[in-house]
There are 2 protein chains.
Amino acid sequence: MSTTSRTLPNGRRPSVKDVAELAQVSLGTVSNVLNRPARVSTGTRERVEKAMSDLGFVLNESARQLRMGRSNTFAYVMLDATNPFFNDVGRGIELAAEEADLSLFLCNSDGRSAREAAHLEHLQQQRVDGILITPVDPDEPQLRRIVQQGTPLVIVDRANTSGQFCSVTVDDRLGGRVAIEHLVDRGHTRVAYVGGPSTMGQVRDRYEGARAAWDEAGLAESDLLHVETTTMSVEEGRVAGERLAGLPRRSRPSAVFCANDLVALGLLQQVISTGQRVPEDLAIVGYDDIAFAAGAAVPLTSVRQPRQALGRTAAELLIEETTEPDHEHQQVEFTPELIARTSTLG
Amino acid sequence: MSTTSRTLPNGRRPSVKDVAELAQVSLGTVSNVLNRPARVSTGTRERVEKAMSDLGFVLNESARQLRMGRSNTFAYVMLDATNPFFNDVGRGIELAAEEADLSLFLCNSDGRSAREAAHLEHLQQQRVDGILITPVDPDEPQLRRIVQQGTPLVIVDRANTSGQFCSVTVDDRLGGRVAIEHLVDRGHTRVAYVGGPSTMGQVRDRYEGARAAWDEAGLAESDLLHVETTTMSVEEGRVAGERLAGLPRRSRPSAVFCANDLVALGLLQQVISTGQRVPEDLAIVGYDDIAFAAGAAVPLTSVRQPRQALGRTAAELLIEETTEPDHEHQQVEFTPELIARTSTLG
DNA sequence: GAAGACGGTTGAAAGGTTTCAGGTCTGGAC
DNA sequence: GTCCAGACCTGAAACCTTTCAACCGTCTTC
């Protein structure tokens, strides 16, 4: 109640100077109370602390950063904040950051390059100590520029082609492979891969892994269809379902491998709503194994990624890069794992 | 390639001063190029722009903020980043912020007061222009202090008791009421309310609405059970399911109303996995109508909230508060709507 | 040819913090 | 009585940007 900043003559917020004046000490002492309290005698410290709370003093972080040149803040630029997968990754980052006493800002590029660029520009201007990002395109030159200009950056869930950054990935080719091997094992000989846009590395790699496994199984090349979606959302999954339903009966696949679980769940909904049975009429494999996959209308077979570990590892790499002078960039790769459930097992 | 900041003697990043020197102009002119390009002659402007890109100049936002006293940034402190409901709210905020050319930082309190307090402190120090928050406890004194100290704050999805803030809410009592009325209409006479902790206003209000409707229906008070959970997660929903299953047969409810969809989905999974049928053996109503509710094992009846509108409205109120001098605090309340699906309709 | 207007540019001041080389004072050792 | 160590405190400088009054030429206008 007594702690309002309105006691200042003008509308200004109280600064260390005001505190110093009220407590009858110098600026330096106030700063010491803030940063090295042990150096200040008890009496003085208490006087300063009282002055701070009387004035409602709040440290101005901009000024501190300006002086210090660093912010103790990381940021994670998410590719799609509505996808639980990226939230779990973010949670892993958050936990590691909290342990290291760093603040974390989350930004959402929403899959749009322009938004991503704006966020990156802003973060660089804010002088965050480091950036974690799941990029729209890992070869975007802006990323390299940011590193060259002095802000460390770690790529999450994408490989980096150049070795210019640390990166943490999951082997998407292997993920695509195990998904298809599972379907082939179950006797499927005509399968659709649903996902897009193909500009996304994840979409491409999973397809390539799938394609490789398909070819190795000796199946006809044209029997692995690629149904391209515009985004990786539940809605697009539904649309893909309708497109499949529109195919002539004999060219319809008996199984679908979706590039992520959102697409798979949307497709599942659409398929069920038209009275088809999963997996009898159509088997479905998803990707990511988000929490909702197990609880879907038909529990979803999915390729699980170590989501939280992905985030945590990325954050730890970034911490190392910001603290160890002789840091070397590393590419960490995790291994995905197929979780088989009813949507393929019947 | 040529744009590296390493051309500076020490490891310093280039500043306007360096740009000015290289371009043979004064500091003021560089600033004009940045902020009022029209005032600068074409030749000079081009020279300055070239110098900037040659040096890899990145404006120091801390210094600008220090000088300007404002940051053109809002922040949204989410209660639970893993709950799609809050992500949808955040998306509404993001869209409104983007239109107003404001940056948005997302923070996650993860339901913990301590983390929330740390985030708020940090945001205040960063001098964000305004804060949106779904608080752990809307009566937390820190919130009032922040406003008194000059940072506008809007409460999202909670009522504020004091009229000290703007707030945007959905009528949770009404939501609880419609959920119970629906179940009573379907003939249920023994129902469990599952959610917690009761310290959360949402949990309390939905319960109160449910209780009021229950009493008005003339049903026995003790036939509306309250099963308290520790958090509102899928996992806790499963645990609650086990607890219900542990009840003696005759005291088991025929329907459950869950305080949110995550809990409902977890409970649904648990119930199905034990071979019970939904809704025949147990009907379930959720809350929020997140995207995954419709695609659950049994499509979930849920109380829908206007998630994105909630966020957008909150952001618009905050924008008004930061721009209109004679702003008056408003409480906006939306109305929830029951979406009936298979989990109660059979 | 003088006065004024105007486009373009300058440079100092301000904004709040941290740092650091020095300052003062106290008390103990000789 | 002198000297010194240590504890405590001071105040100016630096960080980088924006702003604004002042300035300089050039062009109009009468």
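Below, chains carry the letters A, B, ... as their sequence lines are ordered, and counting in each starts from 1.
Annotation: side chain to side chain donor-acceptor pair (under 3.5 Å) contacts of A:T44 (sequence neighbours excluded): A:S41. For A:K17, the side-chain contact (heavy atoms from CB on, under 4.5 Å) test picks out A:S15, A:L27, with sequence neighbours left out. Applying the side chain to side chain donor-acceptor pair (under 3.5 Å) test to B:D80 and every residue at least two apart in sequence or in another chain returns B:T82. Remark: B:A117 pairs with B:Q142 by the side-chain contact (heavy atoms from CB on, under 4.5 Å) rule, at least two apart or across chains. Qualifying side-chain contact (heavy atoms from CB on, under 4.5 Å) partners for B:N35, counting only residues two or more places apart in sequence or in other chains: B:S31, B:R64. With sequence neighbours excluded, no residue forms a salt bridge (Lys or Arg N to Asp or Glu O under 4.0 Å) with A:E49.
Listed by residue number, A:L66, A:R67 are the residues of residues 58-70 of chain A with a heavy-atom contact under 4.0 Å to DNA chain D. Against DNA chain C, the stretch residues 119-129 of chain B makes no heavy-atom approach under 4.0 Å.
Boundaries of the chain B contact region on DNA chain D are D:dC16 to D:dT19, first to last in 5' to 3' order (nucleotide atom under 4.0 Å from a heavy atom). With a heavy-atom cut-off of 4.0 Å to chain A, the contacted part of DNA chain C has its first and last nucleotide at C:dG16 to C:dT19.
The stretch residues 89-135 of chain B participates, sequence neighbours left out, in these ring pair (Phe, Tyr, Trp, His ring centres under 6.0 Å) pairs: A:F105-B:F105, A:F105-B:H122, A:H122-B:F105.
Fit an axis to the five pairs at each end of the helix from C:dG1-D:dC30 to C:dC30-D:dG1 and the two axes sit 50° apart, to the nearest 10 degrees.
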